[in-house]
Number of protein chains: 2
Amino acid sequence: MEAEVATANMTASQLYAALKRDLIDGRFAAGQKLAITALRQRYRVGLSPLREALNRLAAYGLLEQENQRGFRVPALKRAELDDIADLRRRLEGLALAQALQEGGDEWEAGLLAAFHRLKRADETPGKLEHWEQMHLQFHRHLLEPCGSAWLLRFIEQLHDQFDRYRRMAPANDTIRARLNVQHGQLVDLAMARDVPAARALLEEHIRLSHEVARGACQEDRTSVEERD
Amino acid sequence: MEAEVATANMTASQLYAALKRDLIDGRFAAGQKLAITALRQRYRVGLSPLREALNRLAAYGLLEQENQRGFRVPALKRAELDDIADLRRRLEGLALAQALQEGGDEWEAGLLAAFHRLKRADETPGKLEHWEQMHLQFHRHLLEPCGSAWLLRFIEQLHDQFDRYRRMAPANDTIRARLNVQHGQLVDLAMARDVPAARALLEEHIRLSHEVARGACQEDRTSVEERD
DNA sequence: CCATAGTAAAAAATCGATTTTTTACATCAT
DNA sequence: ATGATGTAAAAAATCGATTTTTTACTATGG
């Protein structure tokens, strides 16, 4: 039995989730045009749920929808990554400050648990996809009690955008190690409710991730059109 | 010839625009369930474009999509309005500070023009819909050169959410007059590049609008289900 | 009399086919 | 030879019908 989340119509929602994952994981080339027929076969689904999923993704910003020319994977633009990272820094900074004020005992417990799972995932080399899950959950949990559902929504959206770049970028073990250390320090500062220090560290954390993600932007590439 | 914006497929996009307008204008009761068949007749369209438009609106946050039970207009919740207004204040504050640094001569010219059109619209009583247009354009133009496409996107989204409340709220001519005065003051402070004062005024402007919009929330209402 | 199971009507979601629009190609005129 | 125009193939968008799921009602048993 699958542990599906099952919001709204199943096929369209499953498809939305699957496509979103594949887009963020970089399983489609940036700038690539998505042929409806090809997707229909790839995911073994009918037209209606497919089109509904694509429309949702376009509204979310993970796809571009052109005049009468279907859907396209957005190109990876350095300027846009910088925008996304800058905004992430500012919004997560806001959210963290509030989260440290609002978060209670249960949150502290959950944060320690999330960090523990992340650390274990760090130490397990093969399971990259599992690490990604734990990493996302850790950052989510950190900001969760900030009190603003809309702020969290935007942060999640930016995170998804950012990850598309980061996962396309070549691995950088040096920075990766530093980022991992920061997770632990973030927990300590959060527990100590040291707002300025925690905030500064989180912003530095995002700056460092940004450096890694930049590797995804070969701005000198001459407009890749198709793939396959 | 209509001046349609024509993004993506026509019927679905026209429909998206029409539904979005009707939702923000409050032409559907908050909490109301949207029957697909009824909408099909109301807008004289087929199923596919309708469902695509509804899916986009749900992804945007102007509709809720329930398990296998179709689409619903979100209820007007006081707590959510407060969240939206708070975040608007903070995000527009950020954007304004940057816009005042980045905006050039053309921007100043456009701002004066937008303000002039807004003032004219203020003085014309009957054309409420026209005033709404000019008001939106004024605020858009004010923040436009802030340099962050994603920040502007989120601000627009919050503005749409906020307006749904504001337009449902009963008119308040006293506050309305004060808000109108603030528009002129905003222009002056923007031209003077007085970042702290302009920012403080914009935040106060949003706080005041928030007061008006709160009139839309009768939290004691006993869960309205259907209308028509 | 209330609760539960079964059934029929209604609504939403999905499918395959049709229509419209775009793109690629070939023909003709300059 | 080059550019424009018309035509055919391909792709996307839309439609109406079918299938699935939900909801409301009824009958039956406790």
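Computed from heavy atoms alone, side chains included, the values below leave out hydrogens, waters and symmetry copies. Letters A, B, ... are given to chains in the order of the sequence lines, protein chains preceding strands, and every chain is numbered from 1.
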Completion exercise
Residues in residues 47-54 of chain A with a heavy atom under 4.0 Å of DNA chain D, by number, are L47(A), R51(A)

Exercise for the section: Can you sort out the partners of E129(B) under salt bridge (charged side-chain N to carboxylate O under 4.0 Å, His left out), two or more places apart, ordered by chain and number? Expected result: R167(B)

Problem - Partner residues of I155(B) under the side-chain contact (heavy atoms from CB on, under 4.5 Å) criterion, sequence neighbours left out - result: L91(B), E92(B), A95(B), L143(B), L151(B)

Practice task
Determine to 10° how strongly the helix from dC1(C)-dG30(D) to dT30(C)-dA1(D) is bent, judged from the axes of its five-pair ends.
Solution key: 10°

Practice task
Name all residues meeting the salt bridge (charged side-chain N to carboxylate O under 4.0 Å, His left out) criterion together with R176(B); count only those two or more places apart in sequence or in a different chain, and write none if there are none.
Solution key: none

Handout entry: Aromatic ring proximity H139(B)/H205(B), centre distance under 6.0 Å
Key = yes

Fill in the blank from the handout: So the contacted stretch of DNA chain D, first to last nucleotide with an atom under 4.0 Å from a non-hydrogen atom of chain A, runs from dA11(D) to dT14(D)

Problem - ring pair (Phe, Tyr, Trp, His ring centres under 6.0 Å) against F138(A), all qualifying residues, sequence neighbours excluded - result: H183(A)

Problem - Pair listing, ring pair (Phe, Tyr, Trp, His ring centres under 6.0 Å) test, anchored in residues 142-172 of chain A, at least two apart - result: W150(A)-F154(A), F154(A)-F154(B)

Exercise for the section: Could you list the residues that satisfy salt bridge (charged side-chain N to carboxylate O under 4.0 Å, His left out) with R69(B), not counting sequence neighbours? Expected result: none

Handout entry: salt bridge (charged side-chain N to carboxylate O under 4.0 Å, His left out) involving E108(A) - partner list, sequence neighbours excluded
Key = R193(A)

Practice task
Scan L34(B) against the nucleic acid and name what it touches under 4.0 Å (heavy atoms): base, sugar-phosphate only, or nothing.
Solution key: sugar-phosphate

Completion exercise
Residues pairing under salt bridge (Lys or Arg N to Asp or Glu O under 4.0 Å) where one sits in residues 140-156 of chain A, two or more places apart or in two chains, turn out to be R140(A)-E156(A)

Handout entry: Partner residues of H130(A) under the side-chain contact (heavy atoms from CB on, under 4.5 Å) criterion, sequence neighbours left out
Key = A121(A), K127(A), M134(A)

